[in-house]
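Report on the structure given below.
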Amino acid sequence: MSFTVCAINSPSLFALVDGNNFFVSCERVFNPSLNNKPVIVLSSNDGCAIARSNEAKALGIAMAAPLHTFAHLIKTHGIKTLSCNFELYGDMSNRMMHTLQRFAPDVDIYSIDEAFLDISRLNHNDYSLFAQSIYDTILKHIGLPITIGVARTKTLAKIANRTAKKQQKPYLIMTAPEDATHALQTTDLSSVWGIGRALAPKLKKLGIYTAYDLAIKDPMWARKVMGLSGERLVRELQGIACYENREETNKKSIQVTRSFGARLKEFNDIAEAISAHATRLGEQLRQKRLLAPALSVFCRTSLYSGSTPYNGIGIIAFDTPTNDTSTLIKGALHALRQAFQPGHIYQSAGIHALDLVSEGAFKQKNLFIPPKKESETSTHSKKLNQAIDSLNQHYGKNTLFWASSGINPRYQVRQNNRSPRYTTRWEELPMVR
DNA sequence: TCTGGGGTCCTAGGACCC
DNA sequence: TCTGGGGTCCTAGGACCC
C-alpha cells in the first residue's frame, strides 16, 4: 500500500494517553481488594455499566449494559458493582493530566481519561523509552495503569492505542506509515474514531470492512460519501494530520441532566429537581466565568415504559446573560411550566445552557433596565453567590442550598454502593490502620 | 425494580436581503 | 403577462465522541 506522508521537514506526531478502564482503576487505587476481580462501575441511579474491568469484559458485559441484563452474573461470578463517584474520578483525572504536562508542552485533554500529547517537535530518539517513562510515572505517582499510542495523526494514535490494549502492552509506536498497515488491517471499521452507528453499515455496504479498506480510499471519494469529516478521516488514516491539538477555549454549552431516583408525576417534585440542576449550572458557570443568555429545560418520560414517550421542552431567554443562581432557578422553573404536562410519569429532567458568553467579553448592558438598579442587584447577588460557593467548596457540596431544591427531595438519585470521595473530602480521607 | 450524562462539529434548509 | 439568482446568516437535527 502506498501512504502519502505529510511534509518531510515537519511531520506531526501525537501520543494518545488513555486510562485503562479508568473509573475501575480509580476505585482500585484506594481499594486493592478489587484487583484481579470483575468490577463494574454503574451510571447514576445504578442503572447501567459505564466502566468494566478486564475481568468483567471477559464475562461478556457490554458497555452501557443495563444492570438487570447481567444481574444473574453478579452472584455467580462475584462481580463487584460500584455506584459512580465522579468527584473521585474527576480529581484523579486532574492529577493525571497535570503529570502528563511534564512530558509535552502541548497537552490536549480530550476526555476525563484521555489526552493527546503533541510531540511533533520533541525529537526523541527512542519513542519506546519515552512512552515507557510516561507509563511508569503515571503508575507510580497516581497509581493508574494507562496505554499509550504514538502515531503521525490523532486518528492513527487512537488505533495504535487500541491495538496496544488488545495486545495488553503499555504502548505501541506507529511512527512510520508501514508500521500502521497491520494495525489498520486488524481494526474493524466500526472501531475507527469517527465511524459510528450510521456510517459503519453504510460503508460496509460499499465493501469497506476494516480501517485499512478506508485508508486506501481517495479522500475526495470520502468527501462525497461522508462529507467533510469523512475526507479528513481518510487523510488522517493516510498519515496526514488534519486535527491539531485544540486551543483551550471556553465551553459553548453546559447541561445538567439526571434521571430521577423514582418515577415522578407531580410538578413540584420535578421543580425541585430542576431547581437543583439550575443551582449546579450556576456553580459551573461561575467557576468558568461564563454567562448563559438563555436556558432550555426538558422533562421526559421513560423510553422503555411501553407507552409513547413524552418529552416536554421549555425555553427562557434572560434580559441579560447571567450566572446568578437565583435568576437561573426562576428562569428554569418558568421554562419548566412550558415543558410540564400533567398526567405523565416522568423519568428524567434536565437543563441546558447554550451560546455561553464569557464574563469578561460581555459588557453590553440591557437598554431597558436603569443602570443604577441593575448594578445594585447584580453586586448583591454576586456577593451572595460567592459566599455560597465558598462555603460549599470548603465544607462540601450542598452545605448551603436553595430551599426550592427541596429538603428531602424525591428526585434524589439512588447510589447504593458509592466509594468514599477519598481525595476531595477531609471526612472521607482513606485511613491507614 | 431496573436502561447515564455531558459534550462538539457539520449540514441542510429556511429566512432574509439585494 | 411577466415572477431571478446569488449570497449570508441562523437554526434544528443528526452524527459523532467519551
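In what follows, every chain begins at residue 1, and chains take the letters A, B, ... in the order their sequences are listed.
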In a table with atom names and distances, give each donor-acceptor pair under 3.5 Å that connects a side chain of residues 136-147 of chain A to protein atoms at least two apart or in another chain.
unit_1   : atom_1 : unit_2   : atom_2 : d
A:Asp136 : OD1    : A:Gln132 : NE2    : 3.1
A:Thr137 : OG1    : A:Ser133 : O      : 2.6
A:Thr147 : OG1    : A:Asn20  : OD1    : 2.7

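Legend: residues meeting ring pair (Phe, Tyr, Trp, His ring centres under 6.0 Å) with A:His352, ordered by chain and number and at least two apart, are absent. In this view, A:Arg425 and A:Glu87 satisfy the salt bridge (charged side-chain N to carboxylate O under 4.0 Å, His left out) rule, not counting sequence neighbours. A:Phe23 meets the ring pair (Phe, Tyr, Trp, His ring centres under 6.0 Å) test with A:Phe86, A:Tyr89; sequence neighbours excluded. In this structure, A:Arg162 has no salt bridge (charged side-chain N to carboxylate O under 4.0 Å, His left out) partners at least two apart in sequence or on a different chain. Evaluation of the salt bridge (charged side-chain N to carboxylate O under 4.0 Å, His left out) rule for A:Arg258 yields no partner, not counting sequence neighbours. Scored by the salt bridge (charged side-chain N to carboxylate O under 4.0 Å, His left out) test, A:Lys204 finds A:Asp188 as partners (sequence neighbours excluded).
Using a 4.0 Å heavy-atom distance criterion, A:Leu42 is classed as making no nucleic acid contact. Residue-level contact check: A:Leu199 touches the backbone only, with heavy atoms under 4.0 Å from sugar-phosphate atoms and none from bases. Across all strands shown, A:Val41 has no heavy atoms under 4.0 Å from either base or sugar-phosphate atoms. Note on A:Lys158: only backbone sugar-phosphate atoms sit closer than 4.0 angstrom, heavy atoms only; bases stay farther off. Across all strands, A:Asn45 comes closer than 4.0 Å to no nucleic acid atom at all (heavy-atom distances).
Contacts with DNA chain C (heavy atom under 4.0 Å) in residues 249-274 of chain A: none are found. Within residues 219-231 of chain A, the residues having any heavy atom under 4.0 Å from DNA chain B are, by residue number, A:Gly227, A:Leu228. Heavy-atom distances under 4.0 Å link DNA chain C to A:Tyr110, A:Ser111 of residues 104-111 of chain A, given in residue order.
At distances below 3.5 Å, at least one donor-acceptor pair connects side-chain atoms of A:Thr153 with backbone N or O atoms of A:Glu236. A donor-acceptor pair under 3.5 Å is absent between the side-chain atoms of A:Asn250 and the main chain of A:Ser358, judged by distance alone. Remark: side-chain polar atoms of A:Asp324 are paired, donor with acceptor, to backbone N or O of A:Thr327 under 3.5 angstrom. At least one donor-acceptor pair closer than 3.5 Å links the side chain of A:Ser12 to the backbone N or O of A:Arg152.
The line from CZ of A:Arg300 to CG of A:Asn311 is 4.5 Å long, rounded to the nearest 0.5 Å.
Between A:Ile79 and A:Ile61 there is a side-chain heavy-atom pair separated by less than 4.5 Å.
Remark: A:Lys224 fails to qualify as a cation-pi partner of A:Trp221 under the 6.0 Å distance and 45° angle criteria applied to the six-membered ring.
Remark on DNA chain B: of its neighbouring residues A:Arg246 and A:Gly47, the 5'-side contact belongs to A:Gly47, judged by nearest-heavy-atom nucleotide. Between A:His68 and A:His352, the one whose closest nucleotide on DNA chain B sits nearer the 5' end is A:His68.
Annotation: C:dG4 and B:dC16 have their C1' atoms spaced 15 Å apart (nearest Å).
Screening A:Phe103, A:Trp193, A:Tyr243 against A:Phe116 for a ring-ring contact (aromatic ring centres under 6.0 Å, His included) leaves a single residue, A:Trp193.
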So what's the dot-bracket for DNA chain C: Watson-Crick or G-U pairs under 3.5 Å, [ ] if a pair crosses, | if it pairs off-strand?
....||||||||||||||
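Chain A approaches DNA chain B within less than 4.0 angstrom (heavy atoms of the protein), and the contacting nucleotides run 5' to 3' from B:dC2 to B:dT11.
Counting heavy-atom neighbours within 6.0 Å of A:Glu247 CD, excluding the residue itself, gives a total of 12 or less.
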